[in-house]
Structure formats: C-alpha cells, structure tokens
Amino acid sequence: MERREWAVKRMEESQREQWAKIFGENVRRLREKEGISVAEFAKYLHISQERLTRLEEGVIDKRLSMSVVFAIAGRFHLKEYQLFERGDV
C-alpha cells in the first residue's frame with residue numbers, strides 16, 4: 001500500500017470513529033433526557049443492553065442494522081442524519 005493510500009485509509013477510519021462517537025453521545029443524551037433506562041431502550045430496539053451500552057460509547061460494529069438507526073431517530077422524532085451531528089439534538 002502506498003503512503004498516500006495508507007493516509008487516506010487512516011483518515012477515513014478516523015472520521016468513522018468520530019461519527020460513531022458523536023452518534024453514541026447523542027443517543028445517550030436523548031435517552032437520558034427522556035428518562036429511559038438502558039434496559040428499556042435496548043428492549044425497544046431489540047438489541048442487548050451490552051450492545052446499546054457499547055453503541056453509546058461510540059463502538060459501532062459492522063452488524064449495526066439501519067433499522068436500529070431508524071428506530072432511534074423515530075423514537076425521538078428526528079431525521080437519521082441528525083443523530084450524527086454535533087450539538088444538542
């Protein structure tokens with residue numbers, strides 16, 4: 001792999017990590033603002049509590065279904081892209 005290709009790949013990975021962190025922070029903030037427990041929200045999303053906790057920590061695995069993103073956005077009356085934006089959502 002050329003140096004330039006490596007740099008581009010690393011930049012893309014860094015951007016994905018930043019988006020995952022923003023997404024997780026937004027999900028946690030929204031959930032806590034509504035007074036929803038991790039257990040309750042995980043059940044609503046049909047995922048494990050552990051997976052939700054990791055998602056809120058900014059760890060998004062490749063198996064994350066878009067249906068989970070749609071469900072989160074729908075629960076809080078947001079557009080999906082808003083979950084990936086900085087600031088108060």
Side-chain angles (χ1 to χ4, degrees):
M1 181 179 310
E2 289 183 24
R3 185 178 177 126
R4 177 170 159 58
E5 289 175 359
W6 178 85
V8 168
K9 183 176 180 183
R10 181 64 193 127
M11 185 176 69
E12 290 171 355
E13 290 172 3
S14 177
Q15 287 174 336
R16 279 194 300 269
E17 291 168 4
Q18 288 175 5
W19 283 40
K21 185 173 181 175
I22 292 167
F23 177 78
E25 289 170 354
N26 286 337
V27 171
R28 176 178 286 140
R29 184 173 34 256
L30 290 163
R31 179 184 58 74
E32 289 176 346
K33 183 178 177 182
E34 295 283 325
I36 305 169
S37 70
V38 170
E40 185 180 358
F41 201 42
K43 185 176 180 178
Y44 172 82
L45 296 173
H46 304 286
I47 62 175
S48 70
Q49 292 179 42
E50 295 80 15
R51 191 160 182 210
L52 176 57
T53 298
R54 290 182 50 82
L55 187 145
E56 289 182 348
E57 292 170 347
V59 179
I60 300 178
D61 62 38
K62 293 180 181 179
R63 297 177 306 148
L64 177 67
S65 168
M66 284 305 296
S67 64
V68 172
V69 176
F70 291 137
I72 294 169
R75 171 61 182 84
F76 299 112
H77 310 289
L78 299 169
K79 299 287 185 188
E80 294 76 21
Y81 72 86
Q82 291 176 291
L83 295 170
F84 295 90
E85 294 181 333
R86 286 205 181 276
D88 288 336
V89 180

For a quick test of your reading: what N or O donor-acceptor pairs under 3.5 Å do the side chains of residues 35-48 make, sequence neighbours left out?
residue: Ser37; atom: OG; partner: Glu40; partner atom: N; Å: 2.9
residue: Ser48; atom: OG; partner: Arg51; partner atom: N; Å: 3.0

Side-chain donor-acceptor distances from residues 66-83 under 3.5 Å, at least two apart:
residue: Ser67; atom: OG; partner: Ser65; partner atom: OG; Å: 2.6
residue: Gln82; atom: OE1; partner: Lys79; partner atom: N; Å: 2.6

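A side-chain contact (heavy atoms from CB on, under 4.5 Å) with Glu56 holds for exactly one of Glu32, Arg28, Arg29; it is Arg28.
Taking the six-membered ring for Trp and thresholds of 30 and 60 degrees, Phe84 and Trp19 have ring planes inclined between 30 and 60 degrees apart.
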List the steps, then state whether side chain to side chain contact (heavy atoms under 4.5 Å, CB included) holds for Glu34 with Leu30.
CA-CA 6 Å; Glu34 295 283 325; Leu30 290 163; 5.7 Å; no
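Listed for the Asp61 side chain is a donor-acceptor partner under 3.5 Å among the backbone atoms of Leu64.
Nearest approach of Leu52 to Arg31, heavy atoms of both residues: CD2-CD, 4.4 Å.
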